[in-house]
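Reviewing the structure listed below.
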Amino acid sequence: MKGLLLKDWLTIQKQTKIYFVMMLVFLLIPSMFWYSIFLGSLVPVTVFAYDERSGWDKLARVMPYTSKEVVASKYIFGYLLIGGSAILGVIIQYLYSALRILPFSLQDGWRGYVILVCSALIVVAVNMPVMFWLGVEKMRIFLTFFSVAVMMIVGSSVSFELEYGNINFSLSSGVILAVLGISLVLQFISVKISEICYRHNMK
Amino acid sequence: MLTKAFLLYILNINSIGGKNLEIIIKNSSERPIYEQIYVQIKDMILTGVLSEGDMLPSIRGLAKDLRISVITTKRAYDELERDGFVNTVAGKGCFVAGTNRELIREENLKKIEVHMNEIRKLAKSCGITGETLIEMFRLLESEE
Amino acid sequence: MYAIEMNHVKKTYGAFAMNDLNLVLPMGCIMGLVGENGAGKTTAIELLMHAVKKEEGDIKILGVDNESTDFLQVKEEVGVVLDEPYFPEVLNAVNVNSIMKRTYKNWKEEEFFAYVEKFHIDKKKKFKDYSKGMKMKLSIAAALSHNPKLLILDEATSGLDPIAREELLDLFNEFTREEDHSVLISSHIISDLEKICDYVAFLHRGTLKFCEEKDMLHEIYGILHVGMKEAEDIPKEAVIGVRDNGYSREMLVKRDLMPKGFEVERAGIEDIILYMAKEGA
């Protein structure tokens, strides 16, 4: 598993440095920081595309990896990037508020943050099984379209709220916790479906 | 690492008790490879190049050195053992069996028979009788 | 004990069908798998490693059923080189080492870099900038560096120059100096296989034509050159394949079914395969 994560990391870091530059730039722009959280959910799809192109996906099947590991590594890689950019996002927002550029407090903004992260997780949960089922090559348009659509709808509305420090976020805490719960349950279901897809995807 | 092992191998096994083991495999030969090995090792035993108790190279080692099939090499060794030229000691290796004069005699008799058959055919083809042949042989003997 | 056992294996892909494939590789031996492109060599190898699913039959690698959970442990002991290079393009040999170190329990870092050096692979160069031969060599280095007991190589020598091929053949030959080390190597360069194999298996359009001890092939089959008239005296069951050139006839025959008096010449493995492929068409 560690080997797979390292491979994904090395590949993405060398192949598309631009990804990380973009994520960082988005994080620095107050009205666009949420882009990077969604980019995080798209990275595993990109890595998967590289795997297909290089033939690594074939090699992985002859190496001592379980299908669980192969599937889990992609999810974990996505989680790490989403989590990483969310945390960095919070830090940067706090810095901005300390510098009195923008008002920010997690106490007010956590709802928006949770919604952003949850939507990114839901994107992962939907994209991954499709990817393991049909491959990136065929599904690239769907995967990208879906991610961008969710990003635009959720991201722009939530960030609007966050940006202006709107404390009265339209959703109650209860609803937000429910969304969090649902997205976590979805992860679990999604992983299971992906495993089945990966195993049955064997020619 | 491999090369080192390989060198050691040549030093230890290619010369048995200081005697140089020479085996030549001809791929183009009509003779099967196992037979080529069989004959050459047998000849070395019969001519005394190899003597009783000498250890033969391991089957796998010989096969890899000569770059021939392990199975073929095993077949040659099996035949050598079946014909009593070598003994295999499990876990230790393959050793030249005690020189059996009877065996050598038998071998030589067989060879003589083959040669005599050739002589008979040749003689027949040009009308030389058995008596003439015997005379020729006596003459050869007296010349020695 | 067998390194590889395939019993009655069936696999179909659209028009391609592999039926009742039976293949056995005894421990300690090298088997060459030959066949034209599309004969099913790669499919056979993928089936062995359970990279594709068989429809029928059973497959055991190093004595373990390849659909059982124990097969994961067996994969640790099998070095596989697939027919096309497969490391991510941007990675170099150093990266490959760090990934493999976290993949194989028995990964031998020093051994890997020793092979890298031996093969004159530039450690810092990206995989995509390697020549085809270099890619293959790096794959072979990786396959050899985790103490494998079985090597499975798909077209590992094609695309390499004769000197490099010879070097690799030597390596595989040395690898099987250990009694429990076995190799399955597929290739369409028959002369390479003829040099190192103990067994030759010939796959033609998904069907195994023979799986025979290499030297036995020479004892079983022979080439015969005869005039057209003389050819009529040869029993049909002895003849495997025929090639007429207008003046005389060349045939692949079974030696033991031939009447005495014919001069049967040695048949190379290439001859045997070409005749059989032609007849089977």
Does [atom1] belonging to [X] count more than 12 external heavy atoms closer than 6.0 Å?
X	atom1	result
C:Glu36	CD	yes
C:Tyr2	OH	no
C:Glu117	CD	no
C:Phe16	CZ	yes
C:Lys60	NZ	no

Pairwise distance [atom1]([X]) to [atom2]([Y]) - rounded to 0.5 angstrom:
X	Y	atom1	atom2	answer
A:Lys2	C:Thr103	NZ	OG1	11.0 Å
C:Met49	A:Arg61	CE	CZ	12.5 Å
A:Trp56	C:Ile99	CH2	CD1	5.0 Å

Bottom line for C:Ser98: the part with an atom under 4.5 Å from chain A's heavy atoms is both
Quick check on C:His50 against chain A: is it the side chain, the backbone, both or neither that has a heavy atom closer than 4.5 Å?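 Both the backbone and the side chain of C:His50 come within 4.5 Å of chain A.
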Greatest number of non-hydrogen atom pairs under 4.5 angstrom with chain C, of A:Leu6, A:Asp51, A:Val62, falls to A:Val62
Worksheet entry | Nearest heavy-atom neighbours spanning A:Tyr65 and C:Lys75 |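 Looking at all heavy atoms of both residues, the shortest contact is O-NZ, 4.3 Å.
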Do the side chains of [Y] and [X] get nearer than 4.5 Å, heavy atoms only?
X	Y	result
C:Phe87	A:Leu59	yes
C:Glu89	A:Arg53	yes
C:Lys53	A:His200	no

Exercise for the section: Verify, without hydrogens or angle tests, whether A:Lys58 (side chain) and C:Glu84 (backbone) share a donor-acceptor contact under 3.5 angstrom. Expected result: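 Between the backbone of C:Glu84 and the side chain of A:Lys58 there is no qualifying donor-acceptor contact (under 3.5 Å).
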No-hydrogen, no-angle side-chain donor-acceptor test under 3.5 Å, A:Lys14 and C:Asn95
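On atom types as modelled, these side chains qualify, holding a pair under 3.5 Å.
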* To do: Check the pair A:Met63 / C:Met100 against side-chain contact (heavy atoms from CB on, under 4.5 Å), numbers first and verdict last.
  => CA-CA 10 Å; A:Met63 291 200 288; C:Met100 292 301 164; 3.8 Å; yes
In terms of heavy-atom pairs under 4.5 Å, which option from C:Val80, C:Thr43, C:Leu72, C:Leu48 contacts chain A the most?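 Among C:Val80, C:Thr43, C:Leu72, C:Leu48, the one with the most close pairs to chain A is C:Leu72.
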